[in-house]
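In what follows, a structure is listed as structure tokens, so that the remarks can point back to it.
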Amino acid sequence: MKKPLEALLRDACERATKGGELLTTTLPPLLLTVPKEPEHGDLASNLALVLARSERRPPPAVAETIVRHLDDRDGILASVEIAGPGFINFRFAPAYWWALLRDVEVAGEAYGRSAIGAGRKVQLEFVSANPTGPLHVGHARGAVTGDALARLLAATGHDVAREYYVNDAGNQIAMLGASTYARYAERCGRAVPFPEDGYRGDYVREVAAAILAREGERLMQLDPAEASTYFGDAAGAILLDAIRDDMAALAIDFDHYVSERRLRAEGAVAATIAALEKAGYVYEADGARWFRSTAFGDDKDRPLVKTGGEFTYFAADVAYHRAKYAAGYERIIDVWGADHHGHVPRMKAAMQALGLDPARLEVVLVQIVSLTRHGEPVRMGKRSGEFVTLREIVDEVGADATRFFLLMRKSDAQLEFDLDLAKERSAENPVFYVQYAHARVASVFRAAEATGLDRAAATAGDPTRLTEDDELALIRRVAQFPEVVEGAALELEPHRVVFFLMELAGDFHRYYNRTRILGDDRELAAARLLLVANVQKTIRAGLGILGIAAPDTM
RNA sequence: GCGCCAGUAGCUCAGGUGGACAGAGCAACGGCCUUCUAAGCCGUAGGUCAGGGGUUCGAGUCCCUUCUGGCGCGCCA
């Protein structure tokens, strides 16, 4: 929508410069914005305000010069006005919108997709929760955000891989093993002391019972150390399967699950520490080995190897990120809980120390989710083990509403999730509001079939019959979609797509209520079908980017 | 103590990289169905953008500072 106008403006400035009427030879980036106020036209430029200083003339005078050189050969503009402090306001001619609607129709299902990613390899790592228990709402937000980002980047021409890093080694798994073993023994009628900081959730009992059912009591013969290892592996595997199921319930599919244990076993961690050492950023102190992250602006040095000789979590994570670079990803995006924000500088420091470009690593931080029900906050205590699981949410409100609600906010802002609202089947519930707009169009088409008008008739519809203001405004909204997708991808902000969809759905519902689509004038009806078909397509594409279904009936 | 993030209408939140008089949606009140889904639409209201300073033609947006809230600052992961 902006491109043709940008070209016109650029031409105008060039001519003015040649004619000696503008001093500037290098234009600032042309900024065309969609004004909030409809009276300010379809697009507005602040070019004259930006240039005023270097031109040593007041903005309106500069604007006048630019406008005088505009050459609208194709007649896409209906009006050009200089307004306010020196804005140039453009209004497109109906013919422009009609042509645009045709373009959208021709683009078909690819509408909104772009190639700005140029096939660049991008890896998104998200969730990566330890397989030591069920996922909760916080994980759900990270999961949905990561997946939506992946879809967004894929839609903009990136080559995307989704990855889940499985922390299947280290203390947490050992603790899970000890906890599960204790529950197993309990079931076998044997007393094995429950570990001090063990996992007390009921799910550990269920996992123990599952292992008992599978293996019988024979595991009681293992010595306690062996048993803990066995149970850590077995319980971790069972819980990881449950996590995969949870992801599937949210329509999320990972390309790779990367095992921390495997990284360790393959020597990647040791090799990474050796590389850091070779670069001169490792030293020994207090019996441990440290990474000198302070050399890169971190506020403390970080341990890589504990006194006991064990690798730290950090060491393994550095090795993992090093492997991502080695795998050839041009962009590496991590979705982390906001409580991990402190890890960003040290991870980037480690990459830099390894001679890797830290700018290729981007971290999207996801803030906490608070649940409300009946207007009251749902209390969640991590200690008590009383948290609402991801599965419970999905079972209660459905995958579509879960995804939509978790994507409604900027990821680094805290989010309130109203469970009652998410379940409501009314206009108050934004996900239904948007899906209903899609279904309504489908319903119009069902009614149209009865009168002999079908999708083909819509395709053949004559856009020049669309002369109402709200019809042109609807095209304008649809025309913004590719730019919204691009902006969302560029800024890694899926919530922009959500807001766009709510606005588009609103425009459509208003139009629907005001305008009879299937009137007596068949030609007009066909034109209107063309319009709403493309509204529907745009909604479907937008929902697709969010991983949400676009139903034909509600 | 140091660092990061936030503070916008009664509530939940937007404010495409500094632009025009600050925007939605809830909640409240009043209207609209012999016609394609009323699971919808229309109308009415609300603000010292936490406070204070600064940068500039112009600040919710950038800088400094104070206050308030969240989170980090482990040889935990």
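Residue numbers begin at 1 in each chain, while the letters A, B, ... track the order of the sequences.
The separation between Phe417(A) atom CZ and U12(B) atom C1' is 14 Å, rounded to whole Å. As rounded to whole Å, 16 Å separates atom P of G19(B) from atom CG of Leu51(A). The CZ-C1' distance, from Phe500(A) to G23(B), rounds to 17 Å in whole Å. Straight-line distance from the CG atom of Asp298(A) to the C1' atom of G72(B): 12 Å, rounded to whole Å. Taking atom CG of residue Leu152(A) and atom P of nucleotide G16(B), one finds them 17 Å apart after rounding to whole Å. The CD-P distance, from Gln367(A) to C5(B), rounds to 11 Å in whole Å.
For Arg302(A), the salt bridge (charged side-chain N to carboxylate O under 4.0 Å, His left out) test picks out Asp298(A), Asp299(A), with sequence neighbours left out.
Searching all strands for a Watson-Crick or G-U wobble partner of U12(B) with both distances below 3.5 Å returns A24(B). Nucleotide G1(B) is matched to C73(B) when pairs are restricted to Watson-Crick or G-U wobble geometry with both distances under 3.5 angstrom. A38(B) is unpaired under the Watson-Crick or G-U wobble criterion, no partner having all donor-acceptor distances under 3.5 Å. The partner of C49(B), taking Watson-Crick or G-U wobble pairs whose two distances both stay under 3.5 Å, does not exist in any strand shown.
Near RNA chain B, meaning a heavy atom under 4.0 Å away, the residues from residues 508-535 of chain A are His509(A), Arg510(A), Tyr512(A), Asn513(A), Thr515(A), Arg516(A), Ile517(A), Leu518(A).
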Measure all distances between protein nitrogen or oxygen atoms and nitrogen or oxygen atoms of nucleotides 26-28 of chain B, and list the pairs falling under 3.5 Å.
none

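If you run side-chain contact (heavy atoms from CB on, under 4.5 Å) between Val497(A) and each of Leu152(A), Leu543(A), Leu407(A), only Leu152(A) comes through. Among Leu135(A), Val388(A), Leu406(A), the single residue meeting the side-chain contact (heavy atoms from CB on, under 4.5 Å) criterion with Ile393(A) is Val388(A).
Stacking between His495(A) and the base of A14(B) is absent under the criterion of ring centres within 5.5 Å and planes under 30 degrees. By the criterion of a centre-to-centre distance under 5.5 Å and near-parallel planes under 30°, the ring of Phe87(A) forms a stack with the base of A20(B).
In this model, a side-chain donor or acceptor of Asn46(A) finds a partner on the base of G19(B) within 3.5 Å. For G72(B), the base has no donor-acceptor partner in the side chain of His343(A) [N/O atoms by modelled type, under 3.5 angstrom].
Within the 4.0 angstrom heavy-atom criterion, base atoms lie near Asp552(A).
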